[in-house]
Amino acid sequence: MFNYLIRRLLYAIPILLGVMLISFVLSFVVQSPESRARMQLGQRATPKSVEAWLHQRGLDKPRFLNTAKDAPLLDSQFFNHLGKLVTFELGVSDVSGRDLKEVFREGALPSLLITLPAFFVGLALAVSLALYQVFVRHSLADSLGSILAVALMSVPAMVYIIFGQAVIALAFNYFPAFGFDLSGWGTAKFILLPVALMAVMGLGGDVRLFRAIFLEEIAQDYVRTAQAKGVSNARLLFVHVLKNGMIALITLIVAQLPLLVMGSLLVENFFGIPGLGNTLVLAIRQGDHATVFASVYLGAILYLAGLILTDICYALVDPRIRLS
Amino acid sequence: MNALFDNLWVQNALVLAGVAVWVALLIHGSRSERWRRAWLRLRKDRVGMISGGVIALYLGVGALESFQIPQPTGPSLSVLGWMTRGVPREKSYSAPLARTSLSVVKPEPLKGRHLLGTDALGNDTLVQTLRACRTALAIGGITSLIYIPLGTLLGILAGYYRRWVDDVIQYVYSTLASIPSILLLVSILMALGKGLGTMSIALGVTSWVGLCRLIRGETMRQSERPYVAAARALGQSHWKIVLHHLLPNVLHLVVINFVLGFSGLVLTEAILSYLGVGTPVGTPSWGSMIDGARSEFSREPLVWWNLTAATGALFGLVLSLNLFGDALRRAFDPKKA
């Protein structure tokens, strides 16, 4: 088990290096350090001040390998950038100048307040609906359900939000359409509608996927055995199939958990929730490259964490993997 | 690069190239037993045939907007623009079929009636919606032209050669897949600049991973089959096995993936437009129409027709693509459906 985990962890390292390389290359294609310096310094930019700005940030060093005589070979922009990322120094925002680690830490809680409940509510709904569809499989209700799921998938996310906001919040005055505050129960009224909308947004795709997983499970031999020994249809589905199908589901779920920290770009922006997603939308709109590229790195770390968690779960539920 | 891609004729040439690829595929497919049987099954699939017809309709509208008619005076017009040249341009918003413009203070009489109203610049919403068809199809089409060959070829190579070839290809796509796709898209678009062409490139970079994974798995399964061993025993070269034996046997998966993936591309375009890195200003697109609805929904009186028209058009295309993709899957693999 221990060896297995170590192997999975080591596997993540080259991938993370690749991500760093991609974000480094992209961030230099976006804007050369010189033009970034000029933008930051604004009117006061003189050749000298630009040079000083670059020197201060180590951006006057060579890109990849330092071939100067007395300099260490790895004293270059890329490797310094790498070193900073490894110690999780994400730098400062191009626009506000704030420390990005701070920005991300602040945004994580509001994001999780939206994404976590939405994720679990959506999951519970999707599993129940998929099970129901499998229970009445190949009937009219099943095919209608499938078509409805495809229809739900075909509506762009923004339309759900605009519609929910306009109809439920503004027309019926049920929930506040915009805003957020962290005050215990007062928060609930701000997050209810975004959570509900987010749960519905992913429903179509999830129901389809889960239905396929459960249908595959129902074709297994143990189902026939259970049927032969006289297990009732309902018990067969809700106990036997659900339990085994959950193995496939749990690994799917666990992989997505860490990424919930990143929040939801659209929902947070529309409802004015000060989470990470909203921060990112603003950064994208304002052309704040530092924030966008730092979030690329953060997203990759969270994704890889999800993969490793998935592997742990696999090992826990399947002894064959643990022992190999 | 954007200037090149944003040239209408370059886009048209690319789209025509895409169509040529499809015709070649279909001719090739009509010779294969599996494709012929799938076609027989598809023909009996009512949902599949209807959704296929709707897609063809969208393609037709897109084609009308693609070809230009030179005008004796002024800039050239697209066929669609020529057909709708009688529709007058108003000054600002007006409701569907209204006689006066939408203004609480001083409603002005309109030059004509508009079935779906007009937008902020006074353009007819119906015409804009139809024109945006081309944008959606061009983005989907050009993107597929980039990612389909890439994903298919790399997938087959990884599945057939295995060992280090597989390791390298897997490493590249695992790395790309580990970045949340919307962030990768935005970063690439920030690097290359806004435009139809760069958007297609960015979408191509993020889209090939799924296809490559799928094809790699299927190729591994196919490689175990006797026909591959037989081809090798007969002394055929690796390239011949890859192109003549493996490729035709995974091609149906490519087609299904293409149709289902297309709907994802159309939806992503809408999100990118909302984030401000989508289609450039002036290109009609459903994404920017939906994006505009944010401010229109807080207006009094409510401007709902732009959002409704764009959403309706987008929904129709994406739904048809999803249903058609499912029908294709059923046709090619009836046991699984």
Side-chain angles (χ1 to χ4, degrees), chain A residues 11-12 14-19 21-23 25-31 143 146-147 150-151 153-159 161-163 165-166 170-171 177 204 208 212 215-216 259 262 265-266 269-270 280-281 283-287 289 292-293 295-304 307, chain B residues 47 51 170-172 174-184 186-193 205 260 263-264 266-277 286-287 290-291 293-294 296-298 302 304 307-308 310-312 314-323 325-326 336-337:
Chain A
Y11 179 68
I15 292 185
L16 216 48
L17 280 175
V19 171
L21 183 68
I22 291 177
S23 77
V25 169
L26 279 178
S27 69
F28 275 91
V29 183
V30 170
Q31 216 177 15
S143 17
S146 292
I147 289 187
V150 178
M153 278 167 61
S154 308
V155 179
M158 281 111 75
V159 174
I161 304 174
I162 295 177
F163 202 73
Q165 219 171 24
L170 294 177
R208 246 165 80 94
L215 271 184
E216 206 161 290
L259 275 172
M262 299 288 280
L265 298 180
L266 297 178
N269 189 248
F270 267 99
L280 271 174
V281 173
I284 293 166
R285 292 235 175 96
Q286 295 168 338
H289 299 142
V292 172
F293 288 111
S295 70
V296 164
Y297 179 65
L298 183 71
I301 289 183
L302 293 171
Y303 176 85
L304 291 172
L307 283 192
Chain B
V47 176
S51 52
Q170 263 202 72
Y171 171 69
V172 173
S174 307
T175 306
L176 284 176
S178 70
I179 303 174
S181 67
I182 195 82
L183 287 178
L184 185 58
V186 169
S187 320
I188 296 175
L189 282 171
M190 276 182 150
L192 298 180
V205 170
L260 290 175
S263 66
V266 176
L267 285 175
T268 311
E269 186 269 328
I271 293 180
L272 290 176
S273 289
Y274 174 77
L275 292 175
V277 287
W286 296 324
I290 294 174
D291 178 34
R294 270 184 309 153
E296 291 166 359
F297 253 62
S298 51
L302 190 78
W304 51 269
L307 175 72
T308 316
T311 308
L314 188 88
F315 178 75
L317 179 60
V318 173
L319 182 67
S320 313
L321 283 167
N322 279 333
L323 290 176
D326 283 347
K336 256 205 166 156

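Heavy atoms only: backbone and side chains are in, while hydrogens, waters and symmetry mates are out. A, B, ... follow the sequence lines: proteins, then strands. Residue 1 opens every chain.
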With A:L21 via side-chain contact (heavy atoms from CB on, under 4.5 Å) - residues at least two apart: A:V25, A:F64, A:F78
Results of side-chain contact (heavy atoms from CB on, under 4.5 Å) for A:S154 - residues two or more places apart only: A:V150, B:F315, B:V318, B:L319, B:N322
Closest contact, heavy atoms only, [X] versus [Y]:
| X | Y | answer |
| --- | --- | --- |
| A:V292 | B:M190 | CG2-CE, 3.8 Å |
| B:P180 | A:A300 | CD-N, 4.1 Å |
| A:I162 | B:I290 | CD1-O, 3.8 Å |
| B:L183 | A:M262 | CD1-CE, 3.5 Å |

Residue among A:L298, A:I161, A:L266 with most heavy-atom pairs under 4.5 Å to chain B: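 Ranked by heavy-atom pairs under 4.5 Å with chain B, first place is A:L266.
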For chain B, the option from A:S146, A:S23, A:P14, A:S295 that forms the most heavy-atom pairs under 4.5 Å: A:P14
Where does [X] contact chain A at under 4.5 Å (heavy atoms): side chain, backbone, both or neither?
| X | result |
| --- | --- |
| B:I271 | both |
| B:S174 | both |
| B:A310 | neither |

For the residue pair [X] and [Y], establish whether any side-chain heavy-atom pair is separated by less than 4.5 Å.
| X | Y | value |
| --- | --- | --- |
| B:S187 | A:F293 | yes |
| B:Y274 | A:N269 | yes |
| A:V19 | B:T175 | yes |

Any chance you could measure [X], atom [atom1], to [Y], atom [atom2], to the nearest 0.5 Å?
| X | Y | atom1 | atom2 | answer |
| --- | --- | --- | --- | --- |
| A:I147 | B:L323 | CD1 | CG | 6.5 Å |
| B:L176 | A:I15 | CG | CD1 | 10.5 Å |
| B:L307 | A:M158 | CG | CE | 9.0 Å |
| B:I179 | A:L304 | CD1 | CG | 10.0 Å |

Engaged part of A:I22 at the chain B interface, taking heavy atoms whose separation is under 4.5 Å: side chain
Portion of A:Y297 that has a non-hydrogen atom of chain B nearer than 4.5 angstrom: neither
Most contacts with chain A, counted as non-hydrogen pairs under 4.5 angstrom, among B:L275, B:L189, B:I188: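 The option with the most such pairs is B:L275.
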